**Student:** 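Before anything else, here's the structure in question.
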Amino acid sequence: MSLAIALAGTGAVAAAAPGAIAAPSIEYSQLAPMLVVFSAAVIGVLVEAFVPRELRRAIHLLLTFGALVAAFVWTCVIAASSTIFAKGSAGHVAAMGAVAVDRPTLFIQGTILVLAAVSVLLIADASHDVSSFAGQAAAVPGSTEERAGLLAGLVHTEIYPLTLFAVGGMLLFPAANDLLTMFVALETLSLPLYLLCGLARRRRLLSAEAAMKYFLLGAFSSAFFLFGIAMLYGYSGSVSLASIASEASTGAGSDTLLFAGIGLTGVGLLFKIGAVPFQSWKPDVYQGAPTPITALMASCTVVSAFGALIRVFYVAFGTLTWDWRPAMWVVAILTMVAGAVIAITQTDVKRLLAYSSIAHAGFILTAVISASVQGLSSSLFYLATYGLSTIGAFAVITLVRDPGGEADHLSRWAGLGKRSPLVASLFALFLITFAGIPLTSGFMGKFAVFQAAVNGGATPLVIVGVVSSAIAAFFYVRVIVLMFFSDPVPDGPKVAVPSVFTGTAVALGALSAVVLGIFPWPVLALASRAASQLFVR
Amino acid sequence: MSPAAYVFLAVILFVIGAIGVLIRRNAILIFMSVELMLNACNLAFVSFARLHGNLDGQVVAFFVMVVAAAEVVVGLAILMAIYRARRSASVDDANLLKY
């Protein structure tokens with residue numbers, strides 16, 4: 001939209017008479033968090049090109065953490081500034097209508113920045129056998145070239161700029177106020193992630209396969225998203241969410257285009273959050289990707305995609321809740337039930353968490369469906385708490401190691417509680433948080449979303465949600481029983497002593513699980529304050 | 001000819017692309033089918049721009065071309081890595097991740 005306004009005269013016919021092109025006005029200070037992250041990523045590419053190999057990692061670490069912290073501080077400053085949030089205003093639309101700077105967006109962006117910083121702690125960890133990432137991704141697995149690279153100690157430091165590009169895209173995705181910006185943000189966050197998925201150091205064939213599956217399915221789904229945008233553009237003559245909403249409220253245009261548009265954009269967005277029936281990529285990609293990248297995807301990408309999904313369905317299709325709600329009911333029920341039931345049969349711990357993440361997406365959807373202030377605030381709270389504990393859980397997985405890498409198979413985890421009580425108890429804590437046992441943050445989150453769903457008139461959904469939580473609790477408890485009450489396997493996995501990086505990530509996850517379970521009010525209040533005005537239009 | 005006919009052509013191309021993704025077994029051909037879908041989107045955008053008499057759709061088409069080019073770079077890199085390791089670009093051969 002923004003650029004179209006800048007470029008357009010008065011329409012296609014008038015384009016022959018070139019007028020003066022007005023320069024677009026861009027509120028740089030309000031967009032600064034995204035700009036900081038993107039420019040740090042670009043500088044990171046230059047570092048890759050010009051700085052000697054041995055200095056790169058230190059500079060990248062400084063740059064990455066510096067950018068994330070600066071962006072987070074700036075986000076807080078914007079949220080506190082009264083010029084943008086004057087009394088009663090929902091926020092502000094920046095960059096000629098392309099980017100919304102409103103309360104829910106700032107909450108989501110702040111959450112993404114915190115979660116990204118914690119994930120980067122895992123990505124940067126190089127304590128056990130160098131790092132989780134391939135030395136030379138281009139070398140064929142098992143070749144002499146690969147061995148020579150490993151001996152020479154080559155490391156891919158490109159992971160840091162790639163991560164920053166992905167995080168920048170994640171910040172823009174939920175803030176996009178028109179569908180073109182949203183599509184570009186979707187690709188900006190996806191393309192670096194496709195590459196990062198294929199960079200695992202161990203089990204490289206699995207990792208490359210995960211990258212290929214994620215890439216092909218991701219490109220397929222973004223084509224659907226784009227065709228949906230085309231349909232909505234055909235319906236309303238504009239790609240901005242507000243114009244689509246106002247056109248839909250008059251009910252003038254073609255219903256075929258409108259419903260095709262809702263359905264196809266919905267497919268693209270539901271794919272990103274991993275809702276059934278668009279979930280098939282999630283277990284494969286979570287299992288094959290390097291575990292730190294899995295943590296990044298399971299936390300930040302999910303938060304960002306939910307932010308975009310909620311914005312599109314609340315702002316653009318907000319007057320059509322009666323039309324999309326039945327379809328969303330079906331998706332939410334399928335997602336909760338399939339996630340919980342299929343997880344029971346899993347034998348790989350990362351796959352297990354992938355199915356658990358699918359089930360959690362279903363729980364959040366129950367609140368999203370209510371299309372209310374409470375639905376928004378409870379989803380925001382759920383996303384923040386779930387993100388922190390899921391990073392903690394994946395951080396623990398990086399610690400339990402066989403000689404060939406991480407011990408992913410569940411049978412290897414048998415008796416871990418006797419070998420290493422602390423690590424096993426921490427993992428058990430994360431599992432009971434996911435199960436939603438009281439006094440953990442998972443319980444508060446589930447309580448909030450189910451309450452929002454009941455108030456939104458979706459009691460049957462909540463009943464399905466509670467039943468699938470019970471099913472899910474079964475397999476979480478099964479893992480706990482396996483860790484604590486079965487005999488340790490002979491020559492079982494070693495538990496690596498965590499470095500400062502991983503240790504901090506685990507500690508933050510565990511702390512959030514307990515503290516937000518007992519004393520959730522500050523974050524709950526922040527989330528409901530963020531949601532109180534819904535989105536700016 | 002009415003611009004609406006181009007919208008129908010775009011829908012047909014999109015469906016051909018989607019069917020191609022589902023029935024082709026070679027990763028490169030699947031990827032080309034995805035590109036066909038993106039180009040069908042472009043055709044739809046440009047036709048709708050003509051129908052509505054504004055330029056938004058044409059601007060979107062330019063963005064989509066750039067995004068598609070970036071996607072080719074990333075996609076071919078990933079597919080090359082797979083091909084070099086397995087000597088095959090068939091999606092049926094990549095079957096280590098399951099259950």
Side-chain angles (χ1 to χ4, degrees), chain A residues 1 3-5 7-13 15 137-142 179-180 183-184 187 190-192 194-195 197-198 203-206 208-216 219-220 222-224 226-227 229-231 233-234 236-240 283-285 287-288 345-348 351, chain B residues 4 7 10-11 14 17-18 21-22 27 30-31 33-64 66-68 70-71 73-75 77-82 84-86 89 91 93-99:
Chain A
M1 238 346 267
L3 293 124
I5 291 170
L7 291 174
T10 47
V13 195
V140 176
L179 289 168
L180 170 59
F183 174 69
V184 173
E187 294 295 323
S190 303
L191 294 180
Y194 299 150
L195 288 175
C197 282
R203 305 199 182 104
R204 290 191 46 204
L205 279 180
L206 286 187
E209 184 179 323
M212 182 179 81
K213 285 181 172 169
Y214 193 20
F215 169 73
L216 288 177
F220 191 43
S222 52
F224 276 98
L226 188 66
F227 204 70
I229 299 175
M231 294 294 116
Y233 173 64
S236 70
S238 161
V239 284
S240 104
D284 287 355
V285 173
Q287 184 190 355
T345 64
Q346 297 308 310
T347 51
D348 182 286
R351 259 183 122 70
Chain B
V7 177
V11 172
F14 186 83
V21 172
L22 296 176
I30 291 180
F31 185 42
S33 304
V34 171
E35 293 294 309
L36 180 62
M37 294 168 76
L38 292 181
N39 284 316
C41 297
N42 275 348
L43 183 59
F45 274 115
V46 173
S47 319
F48 281 130
R50 177 79 186 168
L51 276 170
H52 287 294
N54 65 22
L55 286 180
D56 290 10
Q58 301 192 19
V59 175
V60 175
F62 278 116
F63 274 85
V64 175
V66 175
V67 166
E71 216 168 58
V73 173
V74 170
I78 292 171
L79 298 184
M80 271 303 291
I82 286 257
R84 282 159 55 109
R86 294 178 169 274
V91 287
D93 290 345
N95 59 359
L96 294 170
L97 290 164
K98 52 189 172 188
Y99 314 124

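Here the structure is a predicted model, which means the values were calculated and not measured. Just so we're on the same page: letters track the sequence lines, and every chain starts at 1.
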**Student:** Measure Leu22(B) against the heavy atoms of chain A and call it side chain, backbone, both or neither at under 4.5 Å.
**Tutor:**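 Contact with chain A is through the side chain of Leu22(B) alone.
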**Student:** Is there side-chain contact between Leu216(A) and Val34(B), with heavy atoms separated by less than 4.5 Å?
**Tutor:**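 Counting from C-beta outward, Leu216(A) and Val34(B) never come under 4.5 Å.
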**Student:** Between the side chain of Tyr233(A) and the main-chain N/O of Gly57(B), is any donor-acceptor distance below 3.5 Å?
**Tutor:**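 Such a contact is found between Tyr233(A) side chain and Gly57(B) backbone.
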**Student:** Can you say whether Tyr194(A) sits under 4.5 Å from chain B via the side chain, the backbone, both, or neither, judging by heavy atoms?
**Tutor:**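 Backbone plus side chain of Tyr194(A), per the 4.5 Å heavy-atom cut-off to chain B.
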**Student:** Mark yes or no for whether Asp56(B), through its side chain, and Val239(A), through its backbone, hold a donor-acceptor pair below 3.5 Å.
**Tutor:**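 Not at all, since once roles are kept as given, no pair shorter than 3.5 Å links the two residues.
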**Student:** Locate the shortest heavy-atom distance separating Gly234(A) from His52(B); write the atom from each residue and the value.
**Tutor:**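 For Gly234(A) and His52(B), the tightest heavy-atom pair comes out as O-NE2, 2.7 Å.
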**Student:** Do side-chain atoms of Glu209(A) reach the backbone of Leu96(B) as a donor and acceptor pair under 3.5 angstrom?
**Tutor:**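 Yes: the side chain of Glu209(A) pairs with the backbone of Leu96(B).
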**Student:** Phe183(A) versus chain B, heavy atoms under 4.5 Å apart: side chain, backbone, both or neither?
**Tutor:**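 When you check distances to chain B, only side chain atoms of Phe183(A) fall under 4.5 Å.
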**Student:** Identify which part of Leu179(A) has an atom lying under 4.5 Å from any heavy atom of chain B, answering side chain, backbone, both or neither.
**Tutor:**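 Contact with chain B involves no heavy atom of Leu179(A) at all.
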**Student:** Is any side-chain heavy atom of Phe45(B) closer than 4.5 Å to a side-chain heavy atom of Leu226(A)?
**Tutor:**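 Yes, side chains in contact.
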**Student:** Quick one: of Val73(B), Val60(B), Asn42(B), who has the most non-hydrogen atom pairs under 4.5 Å with chain A?
**Tutor:**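 Option with the greatest count: Val60(B).
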**Student:** For chain A, which of Ala18(B), Ser33(B), Ala77(B) has the most heavy-atom pairs under 4.5 Å?
**Tutor:**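 The answer is Ala18(B).
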**Student:** Counting heavy-atom pairs under 4.5 Å with chain B, which one of Phe227(A), Phe220(A), Phe215(A) comes out on top?
**Tutor:**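 If we count pairs closer than 4.5 Å to chain B, Phe227(A) comes out on top.
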**Student:** Which answer fits Ala68(B), side chain, backbone, both or neither, if we ask what part of it has an atom under 4.5 Å from a heavy atom of chain A?
**Tutor:**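 It is neither, since no heavy atom gets under 4.5 Å.
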**Student:** Quick one: which of Leu38(B), Val91(B), Val67(B) has the most heavy-atom pairs under 4.5 Å with chain A, could you say?
**Tutor:**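 Ranked by heavy-atom pairs under 4.5 Å with chain A, first place is Val67(B).
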**Student:** So what's closer than 4.5 Å to chain A heavy atoms on Val66(B): side chain, backbone, both or neither?
**Tutor:**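 Contact with chain A involves no heavy atom of Val66(B) at all.
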**Student:** Counting only heavy atoms closer than 4.5 Å, note whether Ser190(A) contacts chain B via side chain, backbone, both or neither.
**Tutor:**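 No part of it gets close to chain B.
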